[in-house]
Amino acid sequence: MNLAFPLALLLLPLPFLVHRFLTRPGTVRAALQVPAGLYASALPAAGRGDRPGRILLILAWGALVLALAGPRLSQTTGLLPFSGREIILALDLSGSMVKEDFVLDGALLSRLDAVKRAASAFVAARKGDRIGLVVFGERPYVAQPPTFDVASVARSIETAQIGISGRATAIADGLGLAVKRLETSQAATRIVVLLSDGVDTSGKVRASDVARLAADKGIRVHTIALGPEDLESQPRARDAVDAAALKAMAEIGGGTSFRVRTMEDLQAMAATLDRLEPSPMRRPPLHYWRPLWIWPAGAALVLLLLLAARRRG
């Protein structure tokens with residue numbers, strides 16, 4: 001512990017100096033003679049030799065000067081790592097995400113449940129990044145604006161439901177909204193991670209054009225093609241993902257495309273994405289001063305209140 005303004009302690013003897021040098025000595029003749037007892041009762045407490053009162057004044061002045069000197073305590077805390085990176089996760093919530101074709105521990109999972117497990121874990125580990133969430137089906141909307149509170153984004157992913165944004169798949173619109181949110185960001189690195197298990201069936205513009213716009217604005221786009229079937233190998237499959245289109249979007253957007261068919265692929269994808277966009281290292285601990293002036297200031301107030309009550313009594 002130390003003092004922010006130690007020179008303020010020079011004020012401690014000020015009342016004594018004022019009393020010593022500015023008070024004029026001498027006696028004044030009384031204009032009226034009164035009994036000694038009555039005269040003593042008319043004097044203020046300090047004038048009657050009220051030693052406890054003087055002690056309260058001295059202590060109050062000392063506490064005020066100590067508060068002015070700014071006592072403070074050195075403390076250390078770990079800094080929240082800050083990466084200067086902003087990531088928007090664009091998540092497909094179209095009707096096909098209810099299909100159960102993922103296996104975890106011998107049990108079938110829907111595509112959405114599999115994504116929730118992997119994506120929420122990925123987001124929760126991104127401390128130091130600003131993370132946002134855009135969900136899209138027939139229409140896109142922002143489910144979570146970019147924030148350092150990655151736990152709240154993970155909860156938003158875990159509570160996402162099919163149908164709240166329509167059951168079609170507007171990939172271009174979802175990417176476009178994510179790009180729009182990042183367009184005005186001051187972050188040094190801006191990234192969109194887009195996950196879809198279908199074909200762009202509802203967008204008003206081509207997804208590749210939106211990816212090109214993102215690249216022009218310095219926004220990197222990673223894409224994840226989810227599902228065991230794709231249009232290249234199963235062109236007539238009902239719920240096949242357009243993996244080729246998603247790969248082209250990533251190439252245009254300067255990112256990486258991932259092909260995810262199983263739960264193991266999904267977990268490996270999250271690990272690879274972590275390597276591509278590494279979490280920030282922890283910084284050195286932060287040293288800061290905790291101010292303590294409120295305590296002597298409070299003590300001075302209590303002492304002055306006691307002195308006032310004493311004189312009133």
Side-chain angles (χ1 to χ4, degrees), residues 87-102 109-120 122 132-144 156-182 191-214 219 221-253 255-263 265-266 269 273:
I87 301 174
I88 297 288
L89 181 63
L91 180 60
D92 185 349
L93 288 185
S94 60
S96 57
M97 289 290 284
V98 300
K99 190 170 182 180
E100 295 183 345
D101 49 14
F102 277 73
L109 288 178
S110 69
R111 297 178 180 181
L112 180 59
D113 287 337
V115 168
K116 284 181 179 181
R117 297 198 181 201
S120 60
F122 168 77
L133 177 64
V134 167
V135 298
F136 63 92
E138 185 176 350
R139 300 172 303 277
Y141 74 91
V142 177
Q144 179 75 59
S156 296
I157 294 172
E158 292 167 358
T159 57
Q161 298 295 325
I162 301 294
I164 57 177
S165 56
R167 301 184 71 85
T169 308
I171 295 177
D173 291 350
L175 177 60
L177 182 56
V179 170
K180 183 177 180 181
R181 291 298 305 215
L182 289 174
I191 301 162
V192 176
V193 179
L194 184 142
L195 185 147
S196 178
D197 72 332
V199 181
D200 194 2
T201 58
S202 183
K204 298 177 181 178
V205 297
R206 292 188 304 176
S208 58
D209 292 338
V210 182
R212 188 168 291 107
L213 176 65
I219 299 171
V221 178
H222 299 296
T223 61
I224 303 166
L226 185 73
E229 300 172 340
D230 54 59
L231 292 181
E232 291 181 341
S233 58
Q234 301 286 337
R236 295 185 179 182
R238 180 180 178 182
D239 293 322
V241 62
D242 192 352
L246 291 171
K247 182 178 180 180
M249 290 167 57
E251 291 175 351
I252 294 171
T256 302
S257 178
F258 300 91
R259 183 69 181 92
V260 174
R261 294 180 175 84
T262 65
M263 192 68 192
D265 290 343
L266 194 58
M269 175 276 301
L273 197 55

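Atom set for the values below is all heavy atoms of this structure, side chains included, hydrogens, waters and symmetry mates excluded.
Taking D197 as the reference, R111 meet the salt bridge (Lys or Arg N to Asp or Glu O under 4.0 Å) condition, with sequence neighbours excluded. Shown here are the side-chain hydrogen bond (donor to acceptor under 3.5 Å, both in side chains) partners of S208, two or more places apart in sequence or in another chain: there are none. Scored by the salt bridge (Lys or Arg N to Asp or Glu O under 4.0 Å) test, K180 finds no partners at all (sequence neighbours excluded). Here R261 pairs with D230 under the salt bridge (Lys or Arg N to Asp or Glu O under 4.0 Å) rule; sequence neighbours left out. For L177, the side chain to side chain contact (heavy atoms under 4.5 Å, CB included) criterion is met by V134, P140, V142, not counting sequence neighbours. Considering only residues two or more places apart in sequence or on other chains, D113 meets the side-chain hydrogen bond (donor to acceptor under 3.5 Å, both in side chains) condition with S110. Partners of A244 according to the side chain to side chain contact (heavy atoms under 4.5 Å, CB included) rule, which considers only residues two or more places apart in sequence or in another chain, are E232, D242. Considering only residues two or more places apart in sequence or on other chains, A225 meets the side chain to side chain contact (heavy atoms under 4.5 Å, CB included) condition with V241, A243, L246, R259. By the side-chain hydrogen bond (donor to acceptor under 3.5 Å, both in side chains) test, S156 is found to be paired with Q144, residues two or more places apart in sequence or in another chain being considered. Checked against side chain to side chain contact (heavy atoms under 4.5 Å, CB included), A118 has the following partners two or more places apart in sequence or in another chain: L266.
Between V193 and I87, the closest side-chain pair of non-hydrogen atoms falls below 4.5 Å. For the pair D92/T169, a side-chain contact is recorded, criterion being any heavy-atom separation below 4.5 Å from C-beta on.
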